[in-house]
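Naming convention: chains lettered A, B, ... in sequence-line order (proteins, then strands); numbering from 1 in each chain. Excluded from the calculations below are hydrogen atoms, water molecules and symmetry mates; all remaining heavy atoms, backbone and side chain alike, are included. Bear in mind the structure is a predicted one, so any value in this text is a computation, not a measurement.
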Amino acid sequence: MDEKKLTPKSENYSDWYNQLVQRAELADYAPVRGCMVVRPYGWSLWENIQAALDSRFKATGHKNAAFPLFIPMSFLEKEKEHVEGFSPELAVVTIGGGSELEEPLIVRPTSETIIGYMYSKWIQSYRDLPVLINQWGNVVRWEMRTRLFLRTLEFYWQEGHTAHATAEEAEEETLRMLDIYTDFAVNEAAVPVIPGRKSESEKFAGAVRSYTIEGMMGDTKALQAGTSHNLGQNFAKAFEIQYLDQNNTLQHCWTTSWGLSTRFIGAIIMTHGDDQGLILPPRLAPTQVVIVPIFRKEEEQQAVMAAVDKVKAQLSEFRVEIDDRMEVTPGFKFNEWELKGVPLRLEIGPKDVAKNSVALARRDIPGRDGKSFVPQDGIAETVGNMLDTIQADMLAKATQFRDEHIFEPKDYDEFKEIVKNDGWCYVWWKPNAANEAQIKEDTKATLRCIPMDQPGGKGKCIFSGEEATEKAYFARAY
RNA sequence: CGGGGUGUAGCGCAGUCGGCCAGCGCGCCGCGUUUGGGACGCGGAGGUCGGCGGUUCAAGUCCGCCCACCCCGACCA
């Protein structure tokens with residue numbers, strides 16, 4: 001096996017993913033099982049994700065804050081479903097400063113409880129509402145099986161927590177944030193996601209309703225890429241988050257929470273990557289354009305580098321890197337930047353100096369087909385247009401792939417076949433937790449979501465045959 | 001926690017029946033020639049053979065215990 005090449009996706013998707021993450025220098029394994037180190041290239045991608053989300057949060061009135069990593073154990077126990085959901089995966093601190101603690105502290109698996117506690121202190125009146133706070137941070141969940149980015153013991157994310165005066169407002173907020181996630185995924189990451197509602201058995205521990213954006217990965221498995229929860233009054237009652245309304249009546253608040261994590265990097269990798277490596281959407285790519293100078297002799301070098309500097313100067317609005325390393329050949333650089341998924345490569349050599357041109361190579365279209373030669377004059381506009389085209393084409397390609405792998409089986413036997421080999425099933429569904437569990441046992445597929453966009457009308461439930469009014473997606477998932 | 005596997009240079013691996021100085025490829029360092037799709041030559045650096053104990057004149061190699069990691073299952077953003 002050629003050590004220079006990645007394991008092809010078709011041969012072993014899991015190996016392909018693991019090798020890609022490490023060789024593209026996104027992340028590496030930490031000395032603790034299940035933990036990862038996010039390397040500068042991976043973190044830079046995360047920073048661009050953060051910036052895209054953060055501006056959307058701010059634009060809808062949210063403010064950032066920071067809550068502690070440690071939470072008293074007793075806090076978690078105040079909400080019944082919440083504690084049942086998270087207890088098995090808690091990291092617990094029992095010793096501090098060399099002596100046993102009076103009350104164990106948990107390392108936050110999520111912050112509903114400690115934020116709820118604070119909200120109960122901060123909120124007195126309807127005039128204090130709504131409270132719209134987001135936090136960027138890390139959380140710990142002691143998972144059994146881990147994968148880089150997709151499931152690690154510690155991960156980075158944002159968690160928004162809001163409190164409202166009415167159930168309607170809370171639901172509006174929950175859906176507003178789901179829309180923001182959808183907009184971000186589609187328009188920034190070129191990841192076509194399906195927004196929808198989680199079933200009772202798949203919803204967040206402690207939520208009234210959970211919403212999700214579901215993406216299809218390159219192996220057709222589903223990935224939950226972001227979630228938004230309407231918590232009803234569950235946490236408000238557990239933590240006594242109360243306010244006096246206009247009629248001087250004490251009311252419990254209605255709260256929400258919503259999160260998107262470094263897992264999304266896994267979604268980008270598995271939505272767009274190919275056998276050459278990563279393909280990053282231009283809007284999020286740490287480096288949008290790499291310039292590779294090509295020359296043999298010293299006099300060529302001078303002319304080429306002068307042209308490179310001139311071109312680079314015109315591209316100040318983009319994230320551009322010049323790869324002027326002397327110790328590796330251009331061919332090596334091409335492969336390396338393709339591995340790292342840089343959307344656009346500019347080659348400038350003696351021929352380009354002579355013709356006042358540059359060679360453009362699109363990462364999303366490998367080989368000759370993606371290569372073109374353009375004038376150096378007006379290069380900023382050319383590059384800008386090309387990056388927009390790449391962004392749009394990546395979304396179109398991923399959307400097409402997804403749609404080609406969604407099927408509408410006519411009966412449960414066909415459903416089983418599709419879910420095993422081909423992709424997702426889009427079917428009429430009459431809600432029933434036992435039936436859902438049975439499907440999972442039969443096929444390993446779970447109910448990914450009941451999409452917001454419903455066809456209307458009614459049909460026969462794929463499993464029970466009963467009359468159903470909604471359609472749902474089922475798939476194997478990460 | 002159950003099943004399977006692997007620990008030898010930074011990475012990937014070989015090491016026969018226990019035997020002298022532990023080896024190969026890639027990478028790394030130096031010099032020179034190269035450079036439009038993963039360059040080549042020459043020289044060099046780099047090892048508690050996962051750990052502890054045992055058998056033996058002699059252990060990377062045989063035995064026992066322990067540890068770590070990976071893959072497959074039960075839990076999950």
Side-chain angles (χ1 to χ4, degrees), chain A residues 1-6 12 14-15 18-19 22-23 28-35 84-90 109-110 138-159 181 198 201-205 207 210 212-215 222-229 257-267 276-277 292-298 300-301 304 323-339 345-355 357-359 361 366-368 370-371 373 440-441 444 446 477-478:
Chain A
M1 146 104 227
D2 190 344
E3 286 177 6
K4 288 172 179 167
K5 288 206 159 69
L6 293 169
N12 186 331
S14 176
D15 282 354
N18 287 327
Q19 288 174 15
Q22 289 176 82
R23 289 180 48 179
D28 202 353
Y29 290 104
V32 178
R33 178 197 75 87
C35 293
E84 280 171 10
F86 282 104
S87 285
E89 49 187 80
L90 292 179
T110 179
N138 56 339
V139 288
V140 168
R141 299 179 186 178
W142 215 266
E143 302 290 349
M144 302 287 186
R145 278 194 65 195
T146 57
R147 299 278 313 274
L148 291 168
F149 289 116
L150 301 175
R151 182 168 299 106
T152 46
L153 297 197
E154 180 188 16
F155 59 90
Y156 302 88
W157 74 344
Q158 58 69 215
E159 47 178 324
Y181 287 150
K198 282 289 184 189
S201 31
E202 293 281 333
K203 77 180 189 198
F204 176 75
S210 284
T212 174
I213 50 172
E214 295 285 324
L223 183 78
Q224 179 172 316
T227 48
S228 186
H229 313 291
S257 69
W258 26 275
L260 186 147
S261 75
T262 37
R263 169 183 259 195
F264 201 91
I265 291 175
Q276 297 304 311
V292 179
I294 295 157
F295 50 80
R296 294 164 213 257
K297 307 173 198 109
E298 230 170 90
E300 282 179 352
Q301 179 179 358
V304 166
D323 188 352
D324 58 359
R325 285 176 297 172
M326 298 298 286
E327 65 273 18
V328 290
T329 61
F332 181 91
K333 293 176 184 176
F334 297 167
N335 283 284
E336 186 169 278
W337 290 111
E338 281 167 12
L339 177 68
R345 180 179 73 238
L346 270 54
E347 303 167 22
I348 301 179
K351 293 176 203 166
D352 301 296
V353 172
K355 292 189 290 189
S357 67
V358 301
R368 262 188 223 99
K371 235 168 168 172
F373 299 88
K440 188 175 180 184
E441 199 182 314
K444 288 185 185 170
T446 49
Y478 278 96

Measure the distance from [atom1] on [X] to [atom2] on [N] and round it to the nearest whole Å.
X: A:N12; N: B:C70; atom1: CG; atom2: P; value: 16 Å
X: A:D28; N: B:C11; atom1: CG; atom2: C1'; value: 11 Å
X: A:R33; N: B:C69; atom1: CZ; atom2: C1'; value: 10 Å
X: A:L90; N: B:C75; atom1: CG; atom2: C1'; value: 13 Å
X: A:F204; N: B:C75; atom1: CZ; atom2: C1'; value: 16 Å
X: A:D352; N: B:G36; atom1: CG; atom2: C1'; value: 8 Å
X: A:Q22; N: B:C69; atom1: CD; atom2: C1'; value: 12 Å
X: A:F332; N: B:C26; atom1: CZ; atom2: P; value: 14 Å

Would you give the length of the straight line joining atom [atom1] of [X] to atom [atom2] of [Y], rounded to the nearest 0.5 angstrom?
X: A:L6; Y: A:Q22; atom1: CG; atom2: CD; value: 11.0 Å
X: A:Y181; Y: A:I213; atom1: OH; atom2: CD1; value: 8.0 Å
X: A:N335; Y: A:Q276; atom1: CG; atom2: CD; value: 6.5 Å

Under the rule for side-chain contact (heavy atoms from CB on, under 4.5 Å), what residues qualify as partners of [X], not counting sequence neighbours?
X: A:T329; value: A:F332
X: A:Q301; value: A:F295, A:E298, A:M305, A:M326
X: A:N138; value: A:L69, A:R108, A:E154, A:Y156

Please work out if [X] contacts a base, only the sugar-phosphate, or nothing of the nucleic acid, heavy-atom cut-off 4.0 Å.
X: A:R368; value: nothing
X: A:T152; value: base
X: A:Q224; value: sugar-phosphate
X: A:G349; value: base
X: A:K351; value: base
X: A:F264; value: nothing
X: A:A359; value: base
X: A:L150; value: base

Specify the residue among A:N335 and A:Y29 whose closest nucleotide of RNA chain B lies further upstream toward the 5′ end.
A:N335
Could you say whether A:F373 or A:G34 is positioned toward the 5' end of RNA chain B, judged by the nucleotide with the nearest heavy atom to each?
A:F373
Using atom [atom1] in both nucleotides, what's the gap between [N] and [M] to the nearest angstrom?
N: B:G18; M: B:C75; atom1: C1'; value: 47 Å
N: B:C20; M: B:C62; atom1: P; value: 16 Å
N: B:G27; M: B:A39; atom1: C1'; value: 15 Å
N: B:G25; M: B:U33; atom1: C1'; value: 24 Å
N: B:G53; M: B:G10; atom1: P; value: 24 Å
N: B:G32; M: B:C70; atom1: P; value: 44 Å
N: B:C57; M: B:C67; atom1: P; value: 32 Å
N: B:G5; M: B:A14; atom1: P; value: 16 Å

For the base of B:G37, is there a side-chain donor-acceptor partner from A:E338 under 3.5 Å away?
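Side chain to base: pair found, below 3.5 Å.
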Polar side-chain atom of A:E202 near backbone of A:K198 as donor-acceptor pair, under 3.5 Å
no
Check: A:L260 main-chain N/O paired with A:Q158 side-chain donor or acceptor under 3.5 Å:
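At least one qualifying donor-acceptor pair exists.
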Would you indicate which nucleotide in B:C70, B:G36, B:G37 comes nearest to any side-chain atom of A:K371?
B:G37
Under 3.5 Å, which N/O atoms of the protein pair with N/O atoms of nucleotides 28-35 of chain B?
residue	atom	partner	partner atom	Å
B:U35	OP1	A:R296	NH1	3.0
B:U35	O2'	A:F295	O	3.3

Is any side-chain heavy atom of A:Y29 closer than 4.5 Å to one of A:N18?
yes
Mind checking whether A:F204 and A:H229 have parallel, tilted or perpendicular rings, split at 30° and 60°?
parallel
For RNA chain B, the dot-bracket pattern of Watson-Crick and G-U pairs whose distances stay under 3.5 Å, | for other-strand partners:
(((((((..((((.....[...)))).((((((.....)))))).....(((((..]....))))))))))))....
For A:R325, salt bridge (Lys or Arg N to Asp or Glu O under 4.0 Å) partners two or more places apart:
A:D323, A:E336
Exceeds 12 heavy-atom contacts within 6.0 angstrom, atom CZ of A:R33:
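It does: A:R33 CZ has more than 12 such atoms within range.
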